[in-house]
2 protein chains.
Amino acid sequence: MSVPRSGLQTDTITAAGAALADEIGFTELTMGRLAERLGVRTPSLYKHIAGQDDLNRRIAALAHTEIADAIGTATQGRAGRDALAAAAHALRDFVLTHPGRYAATLGLTPIGPGDPVAIAASRGLGPFEAVLRGYDISPETMTHALRALRSLFHGFADLQATGGFQWSTDVGESFEWLIDLIDQGLRQAA
Amino acid sequence: MSVPRSGLQTDTITAAGAALADEIGFTELTMGRLAERLGVRTPSLYKHIAGQDDLNRRIAALAHTEIADAIGTATQGRAGRDALAAAAHALRDFVLTHPGRYAATLGLTPIGPGDPVAIAASRGLGPFEAVLRGYDISPETMTHALRALRSLFHGFADLQATGGFQWSTDVGESFEWLIDLIDQGLRQAA
DNA sequence: TCGCTTGGCTAATGGGATTAGCTAAAAGCT
DNA sequence: AGCTTTTAGCTAATCCCATTAGCCAAGCGA
């Protein structure tokens with residue numbers, strides 16, 4: 001029986017999985033559907049990835065890297081409130097454009113220090129640190145500020161993604177308001 | 001064949017499901033395991049709840065109500081930064097004590113206006129509004145402030161749950177710092 | 001006591017993840 | 001080119017889970 005190779009690669013599969021998750025929702029992403037999308041039978045995927053959990057983690061790591069890149073690019077050459085706003089908008093745009101891969105980053109317990117997810121996530125803090133450098137944050141409070149930024153941004157992104165639309169007032173306006181709130185808070189902290 | 005009644009009720013099942021989710025993790029909560037916990041066969045659950053999604057929503061609604069109660073109680077008689085800190089701590093304690101039912105509240109798309117989840121969630125905003133009343137927030141910015149608070153709490157809960165332990169600096173300290181940040185931001189906004 | 005409703009149960013279906021084992025396609029070597 | 005080895009597809013089979021159908025006793029009210 002002739003079975004032509006389709007040239008699958010781990011990265012190809014991860015990318016396709018991320019794209020599919022964006023289309024149909026992360027919870028709907030299934031090994032079977034992904035295989036179908038790739039024109040291949042389900043078990044074939046196991047030659048390249050260890051299983052569903054492995055796939056999810058790879059997508060999450062990919063998303064973390066992409067988010068870091070997006071924020072890094074957006075904040076280039078900016079400082080202070082400008083950089084803060086640019087970072088916030090970049091993250092929000094990413095969540096709106098790629099809801100599936102963003103969802104993959106939520107609720108994952110990092111396994112160990114070598115976990116690609118943990119590594120990608122910590123690398124993702126770099127751009128945040130760059131933003132904070134525009135405020136006079138003392139080194140010992142830098143960690144706190146980093147965590148605060150991460151918490152607020154992700155909290156709002158999540159709000160935007162899941163239930164934001166249930167209120168009438170424009171979410172974008174609230175977003176700007178939140179940016180100001182953080183900006184003022186950071187100024188005080190400096 | 002004799003089959004004694006076990007006296008199951010929708011509320012009993014919901015409560016047991018929430019408790020089990022706290023123990024083994026929300027994603028591990030399964031109809032089968034819940035049935036086993038209740039000493040009953042899986043299909044029997046369907047006489048009281050419509051299915052897994054229904055169960056999840058009931059647990060989420062329960063969690064929302066409990067969170068609102070906890071924050072309401074904690075902020076009784078407090079105002080300003082005091083109330084803010086009390087609310088934040090109450091939520092954090094809840095997330096730490098009941099990780100499973102908290103996870104149930106995440107990533108749920110409210111179905112319609114009559115959705116119990118949506119109702120419980122919006123009722124949950126009451127205590128937040130009470131906290132904000134301690135700051136001089138103008139009525140038109142109240143919505144923004146509410147969303148900001150929600151984002152903040154959400155984001156921090158996520159931080160606490162997922163990646164908190166991967167950094168060395170004490171998370172509790174960062175928590176206090178974050179509360180100060182918001183407090184100062186809200187003061188400025190007033 | 002007699003029936004009717006109800007809440008257990010077993011059996012069956014369908015779908016998803018995953019593993020075992022087969023075979024042909026590539027790739028490498030002489 | 002021909003031979004060998006590795007690799008990447010495939011089919012078949014297993015297991016677990018959610019859900020539905022249909023049976024039957026428990027308990028309640030007349």
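All chains are named by letter (A, B, ...) in the order of the sequence lines, taking the proteins before the strands, and each is independently numbered beginning at 1. Heavy-atom basis, side chains included; hydrogens, waters and symmetry copies ignored.
- Each of Q188(B), R187(B), Q184(B) was scored for a side chain to side chain contact (heavy atoms under 4.5 Å, CB included) with Q184(A), with one residue passing: Q188(B).
- Side-chain N or O atoms of D54(B) include none that pairs as donor or acceptor with a backbone N or O of I49(B) at under 3.5 Å.
- For the atom pair CG of L84(A) and OG1 of T75(A), the computed distance is 10.5 Å after rounding to the nearest 0.5 Å.
- The ring-ring contact (aromatic ring centres under 6.0 Å, His included) contacts involving residues 74-106 of chain B comprise H89(B)-F175(B), F94(B)-H98(B), where partners must be two or more places apart or lie in separate chains.
- The list of side-chain hydrogen bond (donor to acceptor under 3.5 Å, both in side chains) pairs with a residue in residues 59-72 of chain B, not counting sequence neighbours, reads E66(B)-R101(B).
- Near DNA chain D, meaning a heavy atom under 4.0 Å from it, residues 25-56 of chain B has T30(B), M31(B), G32(B), T42(B), P43(B), Y46(B), G51(B), Q52(B) in order of number.
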